[in-house]
Amino acid sequence: KENRFIYMEALSRLLNTERGNISPVDFVSVAENKGLIDKLGDVAFEKICKFISENKDVVNAVSVNFSVYQISSPNIVEKVLTTISRFGLSPSNIIIEITESVFIENFEMINSNIKKLAAAGIKFYLDDFGTGYSNLTNVIALPFSTVKMDRSLVLMMEKNSRSCRLIKNLVSTFKDSNFSVLVEGVETENQNNLVKEAGVDYIQGYLYSRPIPKDECIELLKKQN
C-alpha cells in the first residue's frame, strides 16, 4: 500500500572463491550431504542478526530461509531466541521462511518448534506456495502470517484470463482467512500490474531489485526514506 520497501530477504552466496562464484544450488547440497547444513544456517543467521543490529535505523525486518534440518532441531528455539537477544533485537525483526517440503518428515517436532518461535514474536512465511507441496491443512494449522506465492503462478497469470481469475480467487481466499499474500518473481511491468490487480499485499522481484550486497541494500533503503 505504501509503495515502498518494507522487508528484505537474506540470500546466501559464495563469491570470489578460488573456484569463482558458487551457486547455493551447489554449496547447499554439499553442506546437506556432509552434515554441515546446521552450521551453515547458524553462520547465516548470525550474520543476519549482526546486519540488522548495525542498521536498525533503516532495516525493519529480514526474512531468512530455514532448512528442514534447522527447523526440526531440538534446540532451534533456544538457539534462535538467544542469538536474537544477544544482538539486542526484537523477535519481530526476524521472519523465517519455510517450504512445505519440510513437513514430509518429523512433523511433530517441526510443528512444536514453529509454534514456540511464533509465540515469541517471530513471523513465519510459507515459501514457494504453488510448487507441488501445498497442503492446505498445514497452511491452516500452523501460524503462518504470510503465504509466499511462487513465480510459477505469476507466469501462469500471463497465459490467459482463466489463470488470472484462479490466482485472484486464491489471493482473496487467503486474505479472507487473515493471511497476507506475497508474490515473488515479478520481473516486468505487465506481471506487476497483474499481481496488483489480483490484490496481493507484497511484491518481490527483479523489477524492484535484483539481489545486491548489504551495503547497496542499505543505500537503497536510505533513498526511500
Side-chain angles (χ1 to χ4, degrees), residues 5-56 58-73 75-77 79-84 86-87 89 91 93-105 110 113-114 117 122-129 131 133 144 146 148-152 182-187 202-206 208-221:
F5 291 107
I6 301 295
Y7 308 119
M8 66 184 75
E9 179 179 2
L11 303 175
S12 295
R13 297 288 187 268
L14 280 177
L15 305 176
N16 304 317
T17 74
E18 62 272 19
R19 297 174 180 266
N21 296 339
I22 303 175
S23 165
V25 173
D26 297 321
F27 70 76
V28 168
S29 60
V30 171
E32 289 176 343
N33 292 335
K34 297 292 184 179
L36 298 172
I37 194 66
D38 272 354
K39 289 184 179 179
L40 182 63
D42 290 347
V43 169
F45 191 66
E46 183 97 1
K47 286 188 174 186
I48 290 162
C49 289
K50 183 173 185 290
F51 169 76
I52 299 171
S53 70
E54 292 172 347
N55 299 283
K56 285 182 179 179
V58 290
V59 176
N60 177 24
V62 177
S63 70
V64 54
N65 291 277
F66 270 39
S67 71
V68 61
Y69 304 98
Q70 286 175 278
I71 203 64
S72 61
S73 172
N75 67 344
I76 191 62
V77 175
K79 186 185 293 185
V80 166
L81 296 180
T82 299
T83 304
I84 289 172
R86 181 156 48 86
F87 282 96
L89 304 180
N93 293 129
I94 300 296
I95 300 165
I96 294 177
E97 296 190 17
I98 57 174
T99 66
E100 278 196 290
S101 60
V102 305
F103 300 126
I104 294 174
E105 300 177 19
I110 292 170
N113 288 343
I114 289 175
L117 289 169
I122 293 174
K123 287 184 179 179
F124 277 84
Y125 283 5
L126 175 65
D127 197 13
D128 296 336
F129 182 87
T131 56
Y133 293 108
F144 293 111
T146 301
K148 191 170 182 180
M149 291 189 167
D150 187 70
R151 171 170 163 72
S152 59
L182 185 158
V183 63
E184 60 182 336
V186 172
E187 298 184 359
Y202 305 106
I203 302 172
Q204 177 180 342
Y206 284 7
Y208 293 98
S209 176
R210 289 178 173 270
I212 54 178
K214 59 183 181 180
D215 292 341
E216 290 182 36
C217 189
I218 293 302
E219 287 304 312
L220 184 63
L221 293 177

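- Across every non-hydrogen atom of R210 and Y206, the tightest pair is NH1-CE2, 2.9 Å.
- The shortest non-hydrogen separation linking S29 to V25 is OG-O, 3.3 Å.
- Atom CD of E97 is separated from atom CD of E184 by 7.0 Å, given to the nearest 0.5 angstrom.
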Requested in this report: Decide side-chain contact (heavy atoms from CB on, under 4.5 Å) for I94 and I96; before the verdict, give the C-alpha distance in whole Å, the side-chain angles of both, and the deciding distance to 0.1 Å.
Outcome: CA-CA 7 Å; I94 300 296; I96 294 177; 4.1 Å; yes
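- Between the side chain of N21 and the backbone N or O of N16, at least one donor-acceptor pair lies under 3.5 Å.
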Between side-chain atoms of residues 39-52 and protein atoms elsewhere (two or more places apart, or another chain), which donor-acceptor pairs fall under 3.5 Å?
from, atom 1, to, atom 2, distance (Å)
D42, OD1, K79, NZ, 3.4
D42, OD2, K79, NZ, 3.2
E46, OE1, R86, NH2, 2.9
E46, OE2, R86, NH1, 2.9
E46, OE2, R86, NH2, 3.4
K50, NZ, E54, OE2, 2.7

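- Shortest non-hydrogen contact noted between I110 and S72 is CG1-CB, 3.6 Å.
- Atom CG of L89 sits about 9.5 Å away from atom OG1 of T83, to the nearest 0.5 Å.
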Query - Candidate pair L14 and R19, rule side-chain contact (heavy atoms from CB on, under 4.5 Å), full reasoning - result: CA-CA 10 Å; L14 280 177; R19 297 174 180 266; over 6 Å; no
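- One finds the CG atom of D127 at 10.0 Å from the CZ atom of F144 (value rounded to the nearest 0.5 Å).
- With N113 contributing its side chain and S73 its backbone, the two residues share a donor-acceptor pair below 3.5 Å.
- Closest approach of I71 and I76 over heavy atoms only: O-CG2, 4.0 Å.
- A 4.5 Å side-chain heavy-atom check between N55 and K214 finds every atom pair outside the cut-off.
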Requested in this report: Kindly determine whether V28 and S12 satisfy side-chain contact (heavy atoms from CB on, under 4.5 Å), including the steps that lead there.
Outcome: CA-CA 9 Å; V28 168; S12 295; 5.9 Å; no
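- Atom CD1 of I98 is separated from atom CG of L126 by 7.0 Å, given to the nearest 0.5 angstrom.
- Within the structure, every pair that satisfies the ring pair (Phe, Tyr, Trp, His ring centres under 6.0 Å) test and touches residues 6-25, not counting sequence neighbours, is listed here: Y7-Y202.
- The CG atom of D150 sits 11.0 Å away from atom OG1 of T99, with the distance rounded to the nearest 0.5 Å.
- To the nearest 0.5 Å, the span separating CG on L182 from CD1 on I95 amounts to 9.0 Å.
- Without hydrogens or angle criteria, N60 side chain to N93 main chain gives no donor-acceptor distance under 3.5 Å.
- Shown are V68, I37, D38; of these, the side chain to side chain contact (heavy atoms under 4.5 Å, CB included) with E32 is made only by I37.
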Query raised in the report: What's the verdict on side-chain contact (heavy atoms from CB on, under 4.5 Å) for V59 and I218, showing C-alpha distance, side-chain angles and the deciding distance?
Result: CA-CA 8 Å; V59 176; I218 293 302; 3.7 Å; yes
